[in-house]
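Lettering of chains follows the sequences in order, A, B, ..., and the numbering in each one begins at 1.
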There are 2 protein chains.
Amino acid sequence: MREDTRSRIQQIALRLFTEQGYEATSLREIAEELGVTKAALYYHFKTKDDIVASLADDRVAEIEELLEWLRAQPRTPETRRELVVRYAERLDQPRQAELARFLERNQTALREHPKILRMREKMLEVVGELVEPGDPLTTRIRRSLAIFSLHAGMWLTQGVDAGPEERRKATVEVAISLLES
Amino acid sequence: MREDTRSRIQQIALRLFTEQGYEATSLREIAEELGVTKAALYYHFKTKDDIVASLADDRVAEIEELLEWLRAQPRTPETRRELVVRYAERLDQPRQAELARFLERNQTALREHPKILRMREKMLEVVGELVEPGDPLTTRIRRSLAIFSLHAGMWLTQGVDAGPEERRKATVEVAISLLES
DNA sequence: GTCTATATAGAGATAGAC
DNA sequence: GTCTATCTCTATATAGAC
């Protein structure tokens with residue numbers, strides 16, 4: 001039982017956008033990998049932009065879910081640690097990892113996309129929940145960097161002689177240490 | 001006494017590539033801002049790719065200079081701190097800042113560009129000089145993150161009620177703290 | 001060193017048949 | 001839901017005059 005075509009388009013587009021870049025990937029390429037013609041894509045998505053929008057939606061939903069959870073918790077060090085762990089877990093799912101990579105790597109090309117702006121806002125809100133108004137600037141930077149480092153973590157340890165699980169654990173450990181002070 | 005056209009092309013291209021993305025910026029736009037025709041650009045640069053190459057060269061040269069200095073020093077905590085300070089100073093020059101932003105934001109579009117590959121190698125070499133073979137994985141991550149955080153620093157503190165100098169100082173402080181352990 | 005004019009290619013998108 | 005065929009636009013790049 002194969003997946004519906006719409007999902008397959010998203011999946012292939014996501015991979016190609018991530019590998020080659022959004023602008024550098026044509027609808028022809030996507031169609032070819034899917035084994036259909038360009039015109040077929042237009043039945044499922046009104047524009048190329050719509051494909052991006054559908055992808056960004058998934059990521060925004062994930063962040064919003066985390067944000068909702070976060071706001072329902074007391075603002076304690078334990079909550080912040082728990083957020084980092086949850087964030088890392090979500091980011092560890094292959095689909096979310098690829099989505100995040102795509103969105104990071106194509107910031108410029110997508111800079112004015114409404115869905116991307118919304119995602120950026122949501123991320124700022126997450127970081128906002130991690131700090132108090134009176135916190136020093138260095139604390140703000142460190143806490144933001146905690147989230148940021150989860151995205152960078154696997155990249156930073158590439159080429160190191162260690163398994164993915166070990167690398168993941170080390171990344172989370174560093175992120176958590178960035179929450180202190 | 002106006003600058004030579006070649007430099008002006010680089011300058012305008014760098015700004016547009018950074019603002020809009022490499023693929024999204026056409027030679028027509030660059031020529032228009034410069035006040036000449038597309039054809040004139042081709043006198044100064046053989047291809048669009050050549051413009052990128054000339055830009056990347058500047059950045060690679062800067063990193064290589066730092067790397068040379070670094071390799072001439074003893075591998076001590078003091079040297080690492082000094083590197084972070086020097087790196088931050090270089091990154092604080094407007095041209096290097098813009099170059100770095102351009103190269104970061106267009107990683108995907110430029111992923112196979114020889115000059116970009118070279119730059120990535122050089123960055124890995126810098127990080128390599130900051131760690132010892134026996135260091136734990138978390139140390140590796142933290143030290144890499146120190147450099148990384150200098151790039152992210154100003155972005156992470158955007159919207160915060162603090163002057164650029166204060167933000168810069170705080171960023172360097174966090175970066176240096178990441179070197180410990 | 002910059003121009004006009006043009007070649008060539010590929011993009012996103014649509015119409016209408018099946 | 002997918003096809004063929006085609007429109008329109010814009011891109012990189014080049015030739016050759018001035």
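- If you check C:dA11, C:dG1, C:dC3 against the side chain of B:Tyr43, the one that comes closest is C:dG1.
- Under the 4.0 Å criterion applied to side-chain N and carboxylate O atoms, A:Glu68 and A:Arg71 are not assigned as salt-bridge partners.
- In this entry the distance linking CG of A:Leu27 with C1' of D:dT2 reads 16 Å, nearest Å.
- Atom-to-atom, CD1 of A:Ile51 to P of C:dA11 comes out at 14 Å; the value is rounded to the nearest Å.
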Q: Start with the C-alpha gap between A:Ser54 and A:Arg6, add the side-chain angles, then the distance that decides, and say whether side chain to side chain donor-acceptor pair (under 3.5 Å) holds.
A: CA-CA 10 Å; A:Ser54 78; A:Arg6 193 187 152 89; 4.7 Å; no
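- Ring pair A:Tyr22/A:Phe102 is tilted by interplanar angle, where 30° to 60° counts as tilted.
- Between C:dT2, D:dT12, D:dT2, one nucleotide has an atom nearer to the side chain of B:Thr5 than all others, and that is C:dT2.
- The CZ atom of A:Arg28 sits 15 Å away from the C1' atom of C:dA13 (whole-angstrom rounding).
- Using a distance-only test at 3.5 Å, with no hydrogens or angles considered, a donor-acceptor pair links the side chain of A:Thr25 to the main chain of A:Leu16.
- Summarising the geometry, the separation between CG on B:Asp4 and P on C:dT2 is reported as 10 Å, rounded to the nearest angstrom.
- Distance, A:Lys38 NZ to D:dC3 P: 13 Å, rounded to whole Å.
- Going from atom NZ of A:Lys48 over to atom P of C:dG12 covers 4 Å, rounded to whole Å.
- Using a 4.0 Å heavy-atom criterion, one finds that B:Thr37 contacts the bases of the nucleic acid, with or without backbone contacts as well.
- Close to C:dA11, at under 4.0 Å from its OP1 or OP2, lies a side-chain N or O of A:Ser26.
- Distance from the side chain of B:Ala39 is smallest for C:dC3 among the nucleotides D:dA13, D:dT12, C:dC3.
- Taking atom OH on B:Tyr42 and atom P on C:dC3, their separation rounds to 15 Å, with Å as the unit.
- Regarding A:Glu23, its CD atom lies at a distance of 18 Å from the P atom of C:dG10, rounded to whole Å.
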